[in-house]
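These notes concern the structure reproduced below.
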Number of protein chains: 2
Amino acid sequence: MHEGVFKAMSDPTRRRIIELLKEGPQTAGQIATHFAHAQPTVSRHLAVLKAANLVVDQRDGTFIIYQLNTTIVQDWLAWVLEHFGGGHGDETN
Amino acid sequence: MHEGVFKAMSDPTRRRIIELLKEGPQTAGQIATHFAHAQPTVSRHLAVLKAANLVVDQRDGTFIIYQLNTTIVQDWLAWVLEHFGGGHGDETN
DNA sequence: TTATTATATGTCTAAATAGCTAAATAGTAA
DNA sequence: TTACTATTTAGCTATTTAGACATATAATAA
């Protein structure tokens, strides 16, 4: 269920993209300027984030605007806390 | 800093090992019985968790007992919450 | 010493990953 | 239509990864 999110989160570039998008939606090109990578490389990372449903995209003319899917991020955080936080493992049983 | 932890967390088998160890220390062999994988495969996963400092091991005769490094798990959770939780990105600045 | 048990490590294979350049696509405008 | 811009996709390479089996190591016991 959260497998894709974990995989997406395992890459530092993608984590930075998520942090960037926390400050607001951005164009694929704008996102790419924050990295030393070639633009297609960043595009691939965006595709991974999109496949994990962590971001949503929306075309505006020739631009494609990426936006954080806050719900998924929050759900994942809750799941992570439930499974690895706390102290004794199964307080929900 | 948390790169190793993210990588370790990205594998489902390792996540299950962490969940198992939340219930208490276990022998490498005991851990292995919970999975369909060959013993060396589980041993390799334990080595990854150990490299990420997520677990600590301690020999007891021929056995090696693995234990969760709760501090690292908590630190990672705090870091994840700080970076991906909340709503506006840089409340710590 | 030898034998046995528990675990790790060597070595290989198949699959996945991240990076690149080049080419394709989608939209806009002349 | 052509031309231009923004972005994705194709195709490739190098690296990493997870899995397996075989072998090595470490501790104990006889």
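So that the names make sense, note that chain A is the first sequence line, chain B the second, and so on, each numbered from 1. Just so it is clear, the structure is predicted and the values come from calculations on it, not from any experiment.
At a threshold of 4.5 Å between side-chain heavy atoms, the hydrophobic network of Ile, Leu, Val, Met, Phe, Trp and Tyr places B:Val55 and B:Phe63 in two separate groups. In this structure, A:Val5 is not a member of the same hydrophobic cluster as A:Val48, with clusters built from ILVMFWY side-chain heavy atoms closer than 4.5 Å. Under the 4.5 Å side-chain heavy-atom criterion for ILVMFWY residues, no single connected hydrophobic cluster contains both B:Trp76 and B:Val56. A chain of hydrophobic side-chain contacts below 4.5 Å, direct or via other Ile, Leu, Val, Met, Phe, Trp or Tyr residues, connects A:Phe35 to B:Phe6.
In terms of modelled atom types and a separation under 3.5 Å, the side chain of B:Asp57 and the main chain of B:Ile64 share no donor-acceptor contact. Here the side chain of B:Arg14 pairs no donor or acceptor atom with the backbone of B:Met9 at under 3.5 angstrom.
On the nucleic acid side, DNA chain C contacts chain B at distances under 4.0 Å to non-hydrogen atoms, with the end points of that region at C:dT5 to C:dT11. Chain A approaches DNA chain D within less than 4.0 angstrom (heavy atoms of the protein), and the contacting nucleotides run 5' to 3' from D:dT5 to D:dG11.
Taking all atoms of both residues into account, the shortest heavy-atom contact from B:Ala8 to B:Leu49 is CB-CD2, 4.0 Å.
Rounding to the nearest 0.5 Å gives a distance of 11.5 Å between CG of B:Leu46 and CG of B:Leu54.
Residue-level contact check: A:Lys7 touches the backbone only, with heavy atoms under 4.0 Å from sugar-phosphate atoms and none from bases. As judged by a 4.0 angstrom heavy-atom cut-off over every strand, A:Tyr66 is placed among residues touching the sugar-phosphate backbone only.
Map A:Ala36 and B:Ile65 each onto its nearest nucleotide of DNA chain C; the residue landing nearer the 5' end is B:Ile65.
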Q: Go through the steps to decide whether B:Gln74 and B:Thr71 satisfy the test side chain to side chain contact (heavy atoms under 4.5 Å, CB included), and finish with yes or no.
A: CA-CA 5 Å; B:Gln74 298 301 330; B:Thr71 306; 5.9 Å; no
Q | Verdict with supporting geometry, A:Ile65 and A:Thr27, side chain to side chain contact (heavy atoms under 4.5 Å, CB included) | A | CA-CA 4 Å; A:Ile65 300 169; A:Thr27 284; 4.3 Å; yes
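Only A:Gln39, A:Pro40, A:Ser43, A:Arg44, listed by number, bring a heavy atom of residues 38-47 of chain A to less than 4.0 angstrom from any atom of DNA chain D.
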